[in-house]
There are 2 protein chains.
Amino acid sequence: MELKRLKYFIAVAEERHFGRAAARLDMAQPPLSRQIAALEKDIGAQLFDRSRSQIRLTQAGEVFLERARDLVERLDSAYREARLIGQGGAGRLRIAFVGSATHGPLPTLIKSYRSHYPDVDLSLSAMNNAELERALVQQDIDIAVARPALKIEDLRSVLLIEEPLMLALPDNSPIATRSAAVSLPELEGETFVLYPRRPRPSFADDVLQCCALNGFTPRNQAFAQDYQTAISLVSVGVGLSVVPRSVSQVSRPGVAFRPFTGENPGTRLTIHARLDNRRPHVLNFFDVLRRFTRQGPAGTAAR
Amino acid sequence: MELKRLKYFIAVAEERHFGRAAARLDMAQPPLSRQIAALEKDIGAQLFDRSRSQIRLTQAGEVFLERARDLVERLDSAYREARLIGQGGAGRLRIAFVGSATHGPLPTLIKSYRSHYPDVDLSLSAMNNAELERALVQQDIDIAVARPALKIEDLRSVLLIEEPLMLALPDNSPIATRSAAVSLPELEGETFVLYPRRPRPSFADDVLQCCALNGFTPRNQAFAQDYQTAISLVSVGVGLSVVPRSVSQVSRPGVAFRPFTGENPGTRLTIHARLDNRRPHVLNFFDVLRRFTRQGPAGTAAR
DNA sequence: TTTTGCGATACCGTTCGGGTATCATCTGCG
DNA sequence: CGCAGATGATACCCGAACGGTATCGCAAAA
């Protein structure tokens with residue numbers, strides 16, 4: 001109810017003439033005079049000195065003009081900022097992912113999103129599947145990248161990548177140093193470093209299912225909380241581990257990565273968001289994701 | 001037309017409840033809902049997430065809330081500031097005065113004004129009568145303190161002080177060192193250091209009229225632009241000068257001040273402002289001045 | 001499933017803002 | 001000194017917008 005008056009006041013102050021200001025504002029002069037008078041009454045001070053033929057700003061008017069310009073400017077920018085955030089062009093998007101996703105196409109996907117929405121603050125954090133599930137349910141995050149997937153209700157889920165499994169072996173192991181191909185069953189007696197099986201489905205399920213398809217169940221199992229720990233255990237000779245191929249692309253002292261023959265059902269990375277999370281940032285992210293997977297996530301190799 | 005909406009929005013955002021916010025705003029809930037909806041449409045973004053039972057701010061809403069609070073605060077302070085200036089409680093008052101006024105009651109008067117209106121910026125400058133006249137006409141200053149007065153049209157004029165004249169003599173002059181009273185006519189042969197006679201009336205007029213009343217006209221006259229220069233000329237022995245008594249209260253090496261017998265019509269300090277200058281600061285200043293002169297400008301002696 | 005609480009929608013009356021006509025005042029010119 | 005033109009203020013009218021009451025729709029809780 002008073003903002004229009006600020007604009008009116010600015011126009012009159014700049015034109016120093018009610019008639020011209022009214023023309024500029026596309027209105028008649030009398031209502032403009034009335035609005036200015038009302039503004040002056042509200043403020044309780046004269047803003048214009050009308051004693052001469054050419055109207056002039058009073059000192060109060062001079063100061064109020066500065067303030068009014070600033071206010072109009074700020075209001076406008078507040079509108080624009082809110083609009084931008086509302087369209088997902090600014091603000092914050094919270095993404096969490098399993099640690100092993102950092103080697104695959106995820107960084108490329110995130111770069112792509114960033115290039116489309118450079119003003120969005122990305123909050124990135126690594127979590128295991130259990131933490132992802134909790135954070136997603138409690139809306140602490142918008143996007144979860146799980147391996148192989150989260151299986152809770154009311155999630156929007158998109159497959160990011162499917163990749164084969166590989167062996168991670170101590171590099172002084174005879175199996176690692178020999179040139180012949182490796183098959184899984186011959187490792188039945190070795191210690192398999194696995195991950196927690198909860199919540200289902202877990203990466204451990206992928207590995208155990210792979211073993212099952214190859215006709216055996218690992219006899220000795222050790223457990224690690226995440227793939228980094230698992231590889232560390234391998235490097236110090238605790239046993240061997242099975243990892244997604246993308247993980248094998250980083251070299252790690254004491255660890256050798258080898259493919260294996262036989263059945264290899266692979267493992268998947270899945271991107272989730274709550275179905276009821278209609279935040280434009282999330283929708284935009286899935287748009288970028290859709291284009292990304294469609295044009296082939298050749299980014300698998302990248303980085 | 002949009003500011004009311006900001007206040008509505010802030011209320012709803014703070015209450016997180018349309019009904020309570022409406023109660024707080026002393027209005028019904030439906031128009032409030034409509035105003036918020038209109039605001040969201042204007043902005044082009046949702047400000048509230050109404051999907052759950054408890055409404056929540058969206059990210060755009062969070063940011064807009066900050067901005068809205070800031071805007072309301074700024075608007076309010078702009079109103080208050082303009083009002084204060086409009087009442088003469090802040091802003092700037094431009095005062096100019098003849099140099100010789102600095103020793104009389106003027107500083108006390110200004111202190112009194114300052115204590116009543118501590119937030120008013122005082123712009124103080126020294127000018128001779130000619131400059132005062134020009135500045136007042138061109139509205140470069142609000143208040144002029146002239147000696148003895150300005151005689152131009154449309155001025156509000158108030159006598160600040162009337163004081164006797166005194167002699168300023170070189171301190172090695174026999175007249176300065178003798179104990180007997182001094183009369184003006186015996187100085188007829190001395191050089192009188194005077195001031196410019198334009199614009200009329202000038203302090204030089206006061207001095208010459210005083211001489212005339214004592215029955216003579218100074219035979220030798222020297223001219224100085226201001227009283228400081230005049231006293232300097234006296235101190236280096238150019239001649240003698242006649243000054244307002246208040247000036248005699250500062251001691252100056254090489255200069256002795258002496259009263260004289262015979263006629264002493266004295267000299268005045270007059271405070272002027274343009275009649276058409278209705279600025280509250282000027283009116284307030286004259287209010288202070290009125291009280292000041294009424295309760296006796298005992299400040300003559302002060303300082 | 002029913003009930004309750006809350007926000008949205010429909011509809012109506014009043015108010016306020018804007019338009020046209022006119023007045024009052026000041027300025028400049030003859 | 002008086003008259004004409006310009007400019008802001010005032011008077012009056014109309015339409016749009018805002019607020020109020022009644023009611024709906026939906027979702028969470030019982």
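Everything quoted here is computed from the prediction, not taken from an experiment.
Heavy-atom distances under 4.0 Å link DNA chain D to no residue of residues 9-18 of chain B. Residues of residues 36-50 of chain B that place a heavy atom closer than 4.0 Å to DNA chain C, in numerical order, are B:Arg50.
How far CZ of A:Arg197 is from CG of A:Asp205: 5.0 Å, rounded to the nearest 0.5 Å.
Look at CG on B:Leu25: it is 10 Å from P on D:dG20, rounded to the nearest Å. For A:Arg56 and D:dT7, the CZ to C1' distance is 17 Å, given to the nearest whole Å. Rounded to whole angstrom, the span from the CG atom of A:Leu3 across to the P atom of C:dG17 amounts to 13 Å.
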Mind listing the side-chain donor-acceptor pairs of residues 145-153 of chain A below 3.5 Å, one per line with the distance, residues two or more places apart or on another chain?
{"unit_1": "A:Arg147", "atom_1": "NE", "unit_2": "A:Ser100", "atom_2": "OG", "d": "2.8"}
{"unit_1": "A:Arg147", "atom_1": "NH1", "unit_2": "A:Glu163", "atom_2": "OE2", "d": "3.2"}
{"unit_1": "A:Arg147", "atom_1": "NH2", "unit_2": "A:Ser100", "atom_2": "OG", "d": "3.3"}
{"unit_1": "A:Arg147", "atom_1": "NH2", "unit_2": "A:Glu163", "atom_2": "OE2", "d": "3.4"}

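Qualifying side chain to side chain donor-acceptor pair (under 3.5 Å) partners for B:Arg156, counting only residues two or more places apart in sequence or in other chains: none. A search for ring-ring contact (aromatic ring centres under 6.0 Å, His included) contacts involving B:Tyr113 returns B:Tyr117, B:Phe285, not counting sequence neighbours. Partners of B:Arg34 according to the side chain to side chain donor-acceptor pair (under 3.5 Å) rule, which considers only residues two or more places apart in sequence or in another chain, do not exist here. With sequence neighbours excluded, no residue forms a salt bridge (Lys or Arg N to Asp or Glu O under 4.0 Å) with A:Asp119. B:Arg56 meets the salt bridge (Lys or Arg N to Asp or Glu O under 4.0 Å) test with no other residue; sequence neighbours excluded. A:Asp76 is linked by a salt bridge (Lys or Arg N to Asp or Glu O under 4.0 Å) to A:Arg80, counting only residues two or more places apart in sequence or in another chain. Contacts of A:Phe97 classified as ring-ring contact (aromatic ring centres under 6.0 Å, His included), with partners at least two apart in sequence or in another chain: none.
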Short heteroatom pairs, N/O only, protein and nucleotides 19-21 of chain C, under 3.5 Å:
{"unit_1": "C:dG19", "atom_1": "OP2", "unit_2": "A:Ala28", "atom_2": "N", "d": "2.8"}
{"unit_1": "C:dG19", "atom_1": "O6", "unit_2": "A:Arg34", "atom_2": "NH2", "d": "2.9"}

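Put simply, A:Ser33 has a side-chain N or O that comes within less than 4.0 Å of OP1 or OP2 on D:dA9.
Residues A:Tyr8 and A:Ser51 both approach DNA chain C. Their nearest nucleotides, taken by heavy-atom distance, put A:Tyr8 toward the 5′ side.
Counting only residues at least two apart or in different chains, ring-ring contact (aromatic ring centres under 6.0 Å, His included) contacts with residues 129-159 of chain A are absent.
With ring centers used as reference points, B:Phe48 lies under 6.0 Å from B:Phe9.
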